[in-house]
Structures are given as C-alpha cells and as structure tokens.
Amino acid sequence: MAALTMTAPGTPTSVPSPTRRYTNRMTNRYSVNAMYSLAAEQDVEVEDELARAQKRLRDLKARISSQSKKNFVLERDVRYLDARIGLLIQNRMAADEQRQVQETLEDVDDERGLYPDERRLGQYSNLFFLLQSEPRHVASLCRLVSLAEIDTLLQTVMFTLYGNQYEQREEHLLLTMFQSVLAAQFENTTEFGSLLRANTPVSRMMTTYTRRGPGQSFLKNVLAERINSLIEHKDLNLEINPLKVYEQMIQQIEDDTGALPPSLPRGVPPEVAAANADVQAIIQPRLAMLMEIANSFLATIIDSMETVPYGIRWICKQIRSLTRRKYPDASDASICSLIGGFFFLRFINPAIVTPQAYMLIDGVPAKHPRRTLTLIAKMLQNLANKPSYAKEQYMMSLNPFVEGNKTMMNHFLNSLCEVGDFYESLELDQYMALSKKDLQISITLNELYNTHALLMQHIDTLSPNDKQHLRVLLDELGAAPAQVPRAENRSLELPLYSRWETPIQDLSTALMSDSVTQNDINFMEAKSIFVQLLRSIPHLADRRPIDLPALAERAATSKDPVLVRRGIKVQSLLSELEAAGVLARADGYRVMQDEVAAEMVHLGNAREKVVLETRSLEAVYKTICDHNNYLRSQIEQYKAYLANSRMMMSKDKGSGGVGVVTVNGKEKKASKPQILGPYRFTHAQFEKEGIIMESNVPENRRANIFFNIISPTPGTFLIALHFKGRDKPILEMDLKIDDLLEKQKDNDAALDLEYVQLNVPKVLALFNKLFSKRR
C-alpha cells in the first residue's frame, strides 16, 4: 500500500544521533505513522487500480534500470572498439590486442561459466550488503583506483550495487557515497580554481550519475522538443567565428562569379577577417538570433527547476556547502560557478552538443544546426562559469547575454541547492532493509571478481583493523578469482543480507520506545487496515462520513478470508482504542474518520500521479531501448569489419599464390567472391530513414531519383545514384568499411555524394543490415 503521511496523536518528534545502530530499537526521528506504513507495504497486497498502477510503474522502473545498465556497458564497449578499430584501420594493432577486441564482441553464453559455490556466494552476499549499506567503503575505493579502472568500478557502483535507480534507499545510499567522495576531493584540492575541473575518477562519477534513468528522463522532457525544433532548420547558418564566416563568404563569391577579387585573398589571419565590413554585416544579425535562441533554452531550463532530479540538486547542495566550509571568503559568484560547472558542464551541455548520444533526437544534426547547438552550449557554460575568451575571442560578442542573465543564473543555481536532506528517511529505510527478504542485486561474475580484486588491492587503506567487518569478510574470501572470458561472464541474482544485524521479527516490539506507546501503534495499525478495506471494497470509499464500525462489520462477515481477518482485527483495535480514551464511539470515531478520509484523498491523487509518471517513463524506456538497438548495430558493424579483416589477413598470409588459400595444409583454389545486390532505394526512402542529411536534388526531381547498392567483396561497397529512364548512373562511389569507420571515429557524420549528403552511422547500419548475414 502507499505510505501513509498523517501523524497520529502524540507522535514523537525528537531527533537522536543518526550514528546509533538500527537493530532492536526504534529511533524517535520518525512518526510511528510512517514507520508502520512502510512495514505494511511489505506485507499487504491490495488489488485495486492504484495497486495495479503502482505495480506497472515499479516494473517499468525496474526495466529502465536494467536497460540503463546494458546501455552503459555497450557504450563502454563501443568507446573501446572505436579506439581499437582506429588502430586496426592503421594496421597498428598487435595480435593480442586483436584477440582482446574479438573477445569484447563475444556474446555471453548462459551455458558456459561456473557460479561460485554456495558458501562463497554467501560470503559475497555478506560483502555486498556491507558495501551497499555502508557507502564509505565504496567512496574510499573510488578515490583510490586509477582512471583506467574507474569505468568498470562505476558500472558496478552505479548500475549494480545501487542499480535500482528509482528506489529511495539505494539512491540515498549512493548520494551518501557522493558526499564522502566530494568531501575528500575538497579536502585534497589546494587551489580553488582546480576544484572539480580535471578529468578525475570523481568527475567521471558525477558524469556517470547524470546518465542514470532520472537524469535521462529530465533531459528528454526539457531539451528534446527545443533541440528538435532547432535542427529542423538545416540551412540556418549562425556561424560567428569571423575567420570561418570570411572563408564561407569568399567561397560563395567564387562559386557565384567564378573568381575572387584581389581585395579578398585566401588565408587571411583572424584579425583581418574580423575587420572586414561584409563579415561584420553577416555576423551582426546572427548574434541577435543566437542570443534569442540561447535565452529560450535558458528559460526552459530555469522553468524546469522543480523537475530536476533530487539527486542532482542534492549534489549541487553539497558542492555549495563544501565550498563555503573550505573557502569561507569565496564570493557567491565563485560558488555558483562551481555549481554551474557540475550542472551545465557535466549534465546539460553534453546533451545539447551531442543530442543523438543522449537519445534526444534521431540521427545526427546537419552541419549548421550542429554548430548552433555547440555555440548555445558555449554561451550557457560562459554564463554558468566565469567566462574565458582567451581562445575564442569572437565569443566576447555574446557577452551581453552573459551580463544580462548573470543574476538570474546565480539565483537559479542557488535555488537548485534548496532541497531537504534525506538522512532521516535513510535511517528508516536502512532499518526496514534488515527485514526485507527480497533484497538482491543482479551482478555479473566479472563485476563480482573485479570489485573483490580492487578491495583486496587496497585493503590496508580501506580497513587497517583486522576486527573491522570489511577486513573479516575479505580475509574469509581470500584472493579474488581471475576475470572470466566474456562468453562465460554470466549474471546472477545475489541476495543481500547482513551477518551482523538482526532482522526485525516483531514490528510492534521494534516500534516500542519511551515516547511511542501501544496506543500510538494501535491507532496507526487500525488506520492502515481501514484504508486497506476501503481499497478492497471501493464502492464504500465515496460515502461520507465513513461509517467505520459498519465497514469493519462488512469485512468481518464477508466471504473473503483476508477481509474477514482484517475486519475482526480492526474491530478489536477500535475496542482497545475506545477503552483507552483515544477514540469515542459517540462521535463516530471522528479522529480516525478524518484521517482515513484524508488518506483516501491522498491515494486518489497518488493514482493520477502514478499514471502520469508511467506515461512519461514509457517514452523514456522506448528511447533507451532504441539507443540500445543503435549501440548493438554499432557492435554488429565492428563484427562485420573484423570478420572481413581476418579474411583479408588470412589471404595475405597464405602460402599459395594469388587466389589460393591453405586448407588442412593443402592448397585449394579460393572460390570467386560473391557479389551481393543490387538493392534499390528511392530518395524518399532514404529521407524517411534519416540516411539523407542534406539534398541538393530539386524537389520536383526527387521522385525520379533512386540508389543502387552492391557489395562486390566483403568490406567494399558501391553506391550508384540513378535517374529514372537513364541507363547509366549519374554518380557512382566506391566505399570501404575502413573509411566509413574512420569517419565515424573522427565524428565526421557526413558522406558527400555531390548531390546528397548521407549520414555515416546510418549508412553503416544499412550495410550491416543488408550484407552482414548474407556471407
């Protein structure tokens, strides 16, 4: 059931130290109401619209969390393969590196690989419960590992150990770890100017955190529409770098007239280009338009402050708090520049510059909108940070945008920090976690062994005392097993439980304390049962005032054994509360009546919110799945390329002559290469699929244009552009997969066919779809 929020009469509010143990006592920090409701959620199944909507939402959030982890792993693989393929293209990869690349492309075989034995699994269950519930260990480890090791560790921390991205306890534990890491970073940084700037494990952690589900959802909801409306204007050129504007201008003059006047030479220095009156006249209206667009982006971001994920706002709060403590004389503007360095540099701007990587758009933006997005991101960064125009003096022309919005930006960045802390609810969550029977994580064998190995490597720093729990568990586990081959890297569901904490057996005993009486507990249990009954018998929920005795009697005399048990129980509780003078039959148990009615209103509103949140997250889940498909297509391209490379290398190294290969030590005549295709596509098909980025073909002729694609040998392709009615193609282009992959590696998304520009990643995906399964 949903957590109840009303406070029972006499509920305590005093706050003890948060460092006390959770077991066999109850902190006065929380209302007994919230505590009882949380416990009730674990034990009670109510089948109504709210419960079904909540279940759908929980399932959807679990799928998003799982898919986010898969995408993180695939993105890391693609980054690695991008670099390795570049070496392979240049024939500079050693044989062992080639084997490593091949292994990265292997799929996991669930039939291969061995799980640890039952005793060892139990030890890992204890270890990972400790790591999850005491984040200081992971925080210390993240500071100790090298940059080369951090990505693998972050995968385990962000998407496995705290992988349930929408579960309050895991999210709050992860943020507690962040607090520890940030505090150490501030403690060890000697100069204010270098805080959070360098590419360190801490900065990588912060960036990775923003890529989790809630951050992705925010970016899509806030930025996607505005970016998509901008990139529709493919021909809108807002370049303001005088040198580039000058070069574009003289190129246009030469195209129009066939020659350049002596007054417009090529290769002029930036200051000459900036002084040209025609260049200035071109740039001036562009500056006004850029500032207008940037202002619209800024307004959208500021208006969305209330929807910024709590965790991101809380990290901003910690940055402000730590800065004020370490540098008490720092100005508000300087502190805001640090907050902006995280919020914009690590979160907002990467999504603006490469929206396709953040699943905000389909495909890659055309050349001019791509440049405009980069300029917008630079403007926002200059506004959020202290601007530096040393390398790009032309950006000074946009300084009015910075000066005009600086006060508003600083107010926004400070407002981001105005969120409450979670320590009270975290202690409650930690306490209740001890009684959870389904606390588990989905983890791969290599994540398990890699974390174990890193802990052993740094054990003397992490746990110098041999009596500390971490040291005890690691001593029992001993040396970490070696990493298994990728094909054997199976996943397992690892239950988490503590060796040293005692699970809660009796809620009432656990709740009892000097200031939480049995009457308080009875009141909240009765209220909880009445809400459950109304949700189980919904046609009684609309009647006001609620006749509580009649509701209890109706349940106690029904044919449903669950309702009977609840009805009898709540009748008994009402009698006890009446005897204690807490409730009175004469006024129809008015206090209980009012609280149950208020809770039903709250639950009704909750259902609407759950439905709306589900709709929003369904769009996020679809986008994440689409991105997963795109990443998989990238991997398939690399597989096809490597298969082709191996084929070519085996031919080059063959002992026979040309066209001869060796089979079992004997020479055999190689078969003729199989020509695949042609495959025909219309101009309209390529446009619809986003393969055409820009087209110079007149609108009235596009219906007569088509493309033929063939693959004469593995890894080579021929694209021919045809006009209906003509025998010969207008244009033909030979392509090698090496060249396409190199363009992709260099972030050059455009393939120029003179009449059209094609999108390189989508061309690769098309080739993969057409040819990879046919050889």
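Being a predicted model, the structure only gives us computed values, none of them experimental.
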Next on the checklist: According to ring pair (Phe, Tyr, Trp, His ring centres under 6.0 Å), who are the partners of Y755, at least two apart in sequence or on a separate chain?
Outcome noted: none
Checklist entry - What residues form a ring pair (Phe, Tyr, Trp, His ring centres under 6.0 Å) with F343, not counting sequence neighbours? => result F347, F412
Checklist entry - When you check the side-chain N and O atoms of T444 and E447, is any donor under 3.5 Å from an acceptor? => result yes
Next on the checklist: I'd like to check I705 versus T682 (side-chain heavy atoms, cut-off strictly below 4.5 Å). Are they in contact?
Outcome noted: no
Item to check | F681/F707 aromatic ring centres below 6.0 Å | outcome: no
Item to check | Approximate separation, where rounding is to 0.5 Å, of I348 CD1 and I301 CD1 | outcome: 5.0 Å
Item to check | Results of ring pair (Phe, Tyr, Trp, His ring centres under 6.0 Å) for Y162 - residues two or more places apart only | outcome: none
Checklist entry - Between T372 and H368, is there a donor-acceptor pair closer than 3.5 Å when you use the side chain of the first and the backbone of the second? => result yes
Checklist entry - Between Q248 and E239, is any side-chain donor less than 3.5 angstrom from a side-chain acceptor? => result no
Item to check | T354 side chain to Q356 backbone, donor-acceptor under 3.5 Å | outcome: no
Next on the checklist: Do H683 and V756 make a side-chain contact, defined as non-hydrogen atoms from C-beta onward lying under 4.5 Å apart?
Outcome noted: yes
Item to check | cation_pi(R726, F723) dist<6.0 Å, angle<=45 | outcome: yes
Next on the checklist: If only side-chain N and O atoms count, and only distance matters, is there a donor-acceptor pair under 3.5 Å linking Q251 with D255?
Outcome noted: yes
Next on the checklist: Under a plain distance cut-off of 3.5 Å, with no hydrogens placed, do R226 and T300 share a side-chain donor-acceptor pair?
Outcome noted: yes
Checklist entry - Quick one: are L287 and L398 in side-chain contact, heavy atoms under 4.5 Å? => result yes
Next on the checklist: Please give me the minimum heavy-atom distance between A377 and I352, naming the atom from each residue.
Outcome noted: CB-CG2, 4.3 Å
Next on the checklist: With a 4.0 Å cut-off on N to O distance, would you call E618 and R63 a salt bridge?
Outcome noted: no
Next on the checklist: Taking the six-membered ring of F686 as reference, does the cationic atom of R702 (NZ for Lys, CZ for Arg) lie under 6.0 Å from its centre and within 45° of its axis?
Outcome noted: no
